[in-house]
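Following: one structure in structure tokens, then a few remarks.
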Amino acid sequence: MRYSEMFLPTVREVPSDAETVSHKLMIRAGMIRKLTSGIYSYLPLGYRVIRKVENIIREEMHNAGAQEVFLPMVQPAELWQESGRWVHYGKELLRFTDRHDREYCLGPTHEEVITDLVRHEVKSYRQLPVTLYQIQTKFRDEIRPRFGVMRCREFGMKDAYSFDATEEGAEINYEKMYAAYNRIFMRLGLKYRAVEADSGSIGGSYSHEFMVIASSGEDALVFCSACDYAANLEKAGAATGAPKPEKTEPVKILPRTEVHTPDIKTIEDVCAFLNVLPVQVVKTVIFNADGSPVVALVRGDEEINPIKLKNYLGCEVLELAKDDMIREVTGAPRGFAGAIGIKARMIEDYSLANMSNFVMGANREDYHLLNVNRGRDFEVSECADLRFVREGDTCIHCGSALKFARGIEVGHVFKLGTKYSQAMKAVYLDANGREQVMIMGCYGIGIGRTVAASIEQNHDDNGIIWPLPIAPYQVAIVPVNSDDARMAQAAEGLYQALSSRGFEVIMDDRNERAGVKFKDADLIGIPYRITIGPKNLAEGKVEIRERGSGAMNVLPLEQVVNFITGAVRKENE
RNA sequence: CGGGGCGUAGCGCAGCCCGGUAGCGCGCCUGCUUUGGGAGCAGGAUGUCGCAGGUUCAAAUCCUGCCGCCCCGACCA
């Protein structure tokens, strides 16, 4: 396209409310504009990239046997009441009423709608399995939208849903999608990692997140330095038993004593006051699990991972106990809780395994206990992995050291099981004529977020560096001086030649100085720039520069088409 | 929802403390010059100073209320 005719408003100055590189560059490159908090318009350049990503996803979905549908965004409350999420989804679900006072919501995801569709049409095992997907705008009323399209309220998402008659079938579908996702993110040219994840409010038995590695990422991920284990920090399993140097002699159990610790509440304070190390202290944390108190014990230098605890308990809502509940179970204010005599269900983390003669709250205001020992002083019947792993911890699979990285979650695959099909009665008749509940899976990719993640990974000081498969245009033609008839003519010739062969080309025919054109071409990240300048043109030559590597080639006009064809073909391999 | 900040030309900002004709840079329009990394000169257009109310002879500036946006936290596929 001719630049002079394009709606491509690039800006030199960075908008003051942009924080991340991708947000700044998407605005500067004229890809997006904000309408209101967390809601963005895509301009032509941005939308071209979106469509490229969508089409790659479409191809791989079709290869994986999924069929495209298009589901409503406005959904009736009844459906959500049936699944139970009208109550549980919370304020992220934007609800409203129509003129008849009927209740609706904007779809933040589409399990209910798709389950409703399939339960009406699928009656027999002969019709299964079926996998459907759509690319839709979702709305989630995020508490705090940020980072441009990375975490916004209205966003484009590809979501696929599989329905199977058998567990084995569901597994196969999950594997198919997992493989398709790997192909998608590979084709998009992203450095990513698939990690084990918690399934969160979508529910279901297990899931993987696809994380694009980026220092600006909102999520922490953990991976093994030796084997291929990788997990979300929330999910990452800690090796059982605290790593302890081998002990030669049995520990002498010392008599328990109570010490006065006025206003000493945190582990840090306790350690300083009693001159002990955090590894000699047991942290006693009281939670409110669906209204009942639950006590979790962990070594003083570790942190409780509430998601692990929640999954262990299988409760609906888990939060830190309020002061009155703490007083109720410990008889003391916050800061002095301990295991001895506490009135609640108690679970200890594996990190307590080798501890003896440790420090603990006394369940009495301003007192702690020294030389507490399990068995003698208290018993805990339940033991589980409750703590956050830390960098350097041992891998639960191979025992090597774990490493940390930051990532942007761009895709998530869930094995849902029967959570929705059960609640919404999506059933079929099996070969024996018996009614069975369908087994579901769901698989999402955030489109806009994927684009932003790509920019986070592919940019320099001058702007975006698009990987060829998602570049909005492949080639930019820059005649250094558009007033010069010979340059303009050469540019026009190349433009026609490349366009007619199916390449996507921007011809910068603006009456701007060369510097401006170069800056814009760099900013919007076009992979190949063909510069037509006076000296080279006098010899019938032009210059081709690669945006990413900066590699430069000067070659005769008539070889340009071949060069670009070859370069694009090579990239696609 | 708690804490903090901001709202003045299309964009980025100054002016506000200490009330007195609304400014700068970029962009935009016109002309001339210039033309390989965001040009120079000359001329020009553009504002209900977020909204509402109050104080005052006089409010961008002081006071009250509201709205919007951003950041930190809590929360969350």
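Throughout, protein chains are lettered first and strands after them, A, B, ... in sequence-line order, and every chain is numbered starting at 1.
At B:C76, none of the side-chain N or O atoms of A:R151 fall inside 4.0 Å of OP1 or OP2 (strictly under the cut-off). In this structure, A:R144 reaches the B:C72 phosphate: one of its side-chain N or O atoms is under 4.0 Å from OP1 or OP2. The side chain of A:R140 places no N or O atom within less than 4.0 Å of a non-bridging phosphate oxygen (OP1 or OP2) of B:A77. OP1 and OP2 of B:U35 both lie 4.0 Å or more from every side-chain N or O belonging to A:K517. Checking the phosphate oxygens (OP1, OP2) of B:A77, no side-chain nitrogen or oxygen of A:T109 falls inside 4.0 Å.
Counting any heavy atom pair closer than 4.0 Å across all strands shown, A:T36 reaches sugar-phosphate atoms only and no base atom. Residue contacts shown for A:K34 are limited to sugar-phosphate atoms, with no base heavy atom under 4.0 Å away.
Judged by Watson-Crick or G-U wobble contacts below 3.5 Å, the nucleotide B:G2 has B:C72 as its partner. Base pairing annotation: B:C66 forms a Watson-Crick or G-U wobble pair with B:G50, both donor-acceptor distances under 3.5 Å. Across every strand in view, B:G43 sits in a pair with B:C29 that passes the Watson-Crick or G-U test at under 3.5 angstrom. With a cut-off of 3.5 Å on both pairing distances, B:U34 has no Watson-Crick or G-U wobble partner at all.
Of the candidates B:C11, B:G37, B:C76, the closest approach to any side-chain atom of A:R545 belongs to B:G37. When the nucleotides B:G12, B:A74, B:G37 are ranked by their closest atom to the side chain of A:I143, B:A74 comes out on top. Closest to the side chain of A:S16, out of B:U35, B:C76, B:C13, is B:C13.
Looking at which nucleotide of RNA chain B each of A:E142 and A:E13 is closest to, the 5′-most match is held by A:E13.
In the model, A:R85 has a side-chain atom that pairs as donor or acceptor with a side-chain atom of A:Y420 under 3.5 Å. Side-chain contact of A:Y443 with A:T131: a donor-acceptor pair under 3.5 Å is absent, judged by distance alone. A donor and an acceptor atom, one from each side chain of A:E456 and A:S454, are nowhere located under 3.5 Å apart.
Going from the C1' atom of B:C11 to that of B:G27 covers 7 Å, rounded to whole Å. A gap of 11 Å separates the P atoms of B:C6 and B:G15, to the nearest Å. As rounded to the nearest Å, B:A39 and B:C76 have P atoms that lie 50 Å from one another.
Side chain of A:S482 to main chain of A:R510: a donor-acceptor pair is present (N/O by atom type, distance under 3.5 Å, no hydrogens or angles).
For a distance-only test at 3.5 Å, the side chain of A:R28 qualifies as a donor-acceptor partner of the base of B:G38. Scanning atom types as modelled, one donor and one acceptor separated by under 3.5 angstrom connect the side chain of A:E543 and the base of B:G36.
Nucleotide B:A39 holds its P atom 6 Å from the CZ atom of A:R12, rounded to whole Å.
Salt bridge status for A:K91 with A:D141: absent, with no side-chain N to carboxylate O gap under 4.0 Å.
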